[in-house]
Protein chains: 2
Amino acid sequence: MASKRRLGLETSKTRSALMDAVGNVMREDGYGALTARSVAERAGLKHQLVYYYFQTLEDLLIATYERHIERYLARIELALESEQPLHAFWQVHANPTDATLNSEFLSMANHNEAIRTRTVEFGEHVRRLGFEKIEKLFRRPAGGQDAVNPFAVTMAITAIGSNLGLETAIGITGGHTELRALIEWCIDQLEPTSP
Amino acid sequence: MASKRRLGLETSKTRSALMDAVGNVMREDGYGALTARSVAERAGLKHQLVYYYFQTLEDLLIATYERHIERYLARIELALESEQPLHAFWQVHANPTDATLNSEFLSMANHNEAIRTRTVEFGEHVRRLGFEKIEKLFRRPAGGQDAVNPFAVTMAITAIGSNLGLETAIGITGGHTELRALIEWCIDQLEPTSP
DNA sequence: GTCTATACACCGATAGAC
DNA sequence: GTCTATCGGTGTATAGAC
């Protein structure tokens, strides 16, 4: 299974540049355009260098995904530690910067076992984090509604945020202002701005 | 631009089988796995037949997408004509059958101009349809909240429904019951089951 | 309407020189 | 650490026989 080819160090700048290039190619041309040649060209390198730093193209892809979700997780943890975790959590997901890339990885998860496993783990982890931090907001009868559940709120925020980001990326704009207003109204009810 | 190669009829069963195969390949292996060979093999045909019925592989893809959104639109229109359009609209989107395929097309829209244009047109069209039919539910003060807007409700339903479907497809289940309960509670408020 | 044969480009991956 | 050279495989697309 394991090739005997020698590999470059994980601290290498070139290695990191290859991972940057993977993200750029996926954003601009989709995961279907990912080849050792397209990635290397984006980084200004020869395609054979991919195989100096990674055993296979898929190894490069998985390393890029790991780095991507680590950075995402850091943003979420920072948000949940802020004074208004629910507002901050929404801000992270209302920002459409990574919507396209996230969507590409999610599509890949449907067809690539390694990406799928990691996505499920990560998804459940974020949900748990959101639950733990946001849960206490619901102890008092903020909206006075039994049906409002921390899990549900966490999910609704991520689902709607990613969808807004995706639509923005391809050029659908109708109703976005209205939906953002609705979400922000709901969040204000659950986590009042003036304490 | 246009090749002089002869083309098969649009009424052909084989042509339709090729479009079925496109959907199956995309669902199971992703849009990145779409090739004339993979599609034809799925349909039990030789790959050269793709080029008897379509000028290019992209033409086959676009024809498949047109058929896909036509069928989707028919389901939505049927739902919006029912006695409880909001409940029916949610049921269409709560069904995860097409979530994976929809997501593949949405990813493609980011990188393929023809698919992108068609997706924007279709997205805005569905939003308008939902708006027109659902709007009247909000004339009376059902929830008594100004922030609740028909556009926003239409979007929230589609966003959350597709996200639930995607997560179900890859195996994330946490919080789904809770979120469905929340959505259905909201919908019951806006469109009471017992009139 | 479906087949065989074929064109030429690009793919992942490796070996080995520098 | 990066390069040239090369492999077998697969891609789109076409021409033309049946």
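Chain letters run A, B, ... following the sequence lines, proteins first, then strands; residues in each count from 1. Quantities reported herein were computed from a predicted structural model and do not represent experimental measurements.
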Mind checking R6(A) for me? I need base, sugar-phosphate or nothing, with any heavy atom below 4.0 Å counting as a touch.
base
With a non-hydrogen cut-off below 4.0 angstrom, is F54(B) in contact with a base, only sugar-phosphate, or nothing?
nothing
Neighbour count >12 (heavy atoms, 6.0 Å) for atom [atom1], [X]:
X: E83(A); atom1: CD; answer: no
X: E41(A); atom1: CD; answer: no
X: E10(B); atom1: CD; answer: no

If I take atom CD in residue E41(B) and atom P in nucleotide dG11(D), what distance separates them, rounded to the nearest angstrom?
9 Å
Interatomic distance where OH belongs to Y53(B) and P belongs to dA13(D) [whole Å]
18 Å
Is there a side-chain hydrogen bond (donor to acceptor under 3.5 Å, both in side chains) between D98(B) and H68(B) once you walk through the steps?
CA-CA 10 Å; D98(B) 282 337; H68(B) 175 71; 4.8 Å; no
Angle class for the F89(B)/H93(B) ring planes (parallel below 30°, perpendicular above 60°, tilted otherwise)?
tilted
Give the ring-plane orientation class for F105(B) versus Y65(B), where under 30° counts as parallel, over 60° as perpendicular and anything between as tilted.
tilted
Y52(B) vs dA13(D): side-chain N/O to OP1/OP2 distance below 4.0 Å:
no
Short side-chain N/O contact from T14(A) to OP1 or OP2 of dT2(D), under 4.0 Å:
yes
Would a distance-only check, ignoring hydrogens and angles, find a side-chain to backbone donor-acceptor pair under 3.5 Å from R116(B) to I170(A)?
yes
Heavy-atom contacts under 4.0 Å between residues 107-114 of chain B and DNA chain D, which residues?
none
Just by distance, no angles: are the side chains of Y53(B) and S12(B) close enough, under 3.5 Å, to form a donor-acceptor pair?
yes
Got a list of protein N/O to nucleotides 12-15 of chain C N/O distances below 3.5 Å?
from	atom 1	to	atom 2	distance (Å)
dG12(C)	OP1	A36(A)	N	3.2
dG12(C)	OP2	A36(A)	N	3.0
dG12(C)	N7	R37(A)	NH1	2.8
dA13(C)	OP2	Y51(A)	OH	3.1
dA13(C)	OP2	L57(A)	N	3.0
dT14(C)	OP2	R5(A)	NE	3.2
dT14(C)	OP2	R5(A)	NH2	2.1

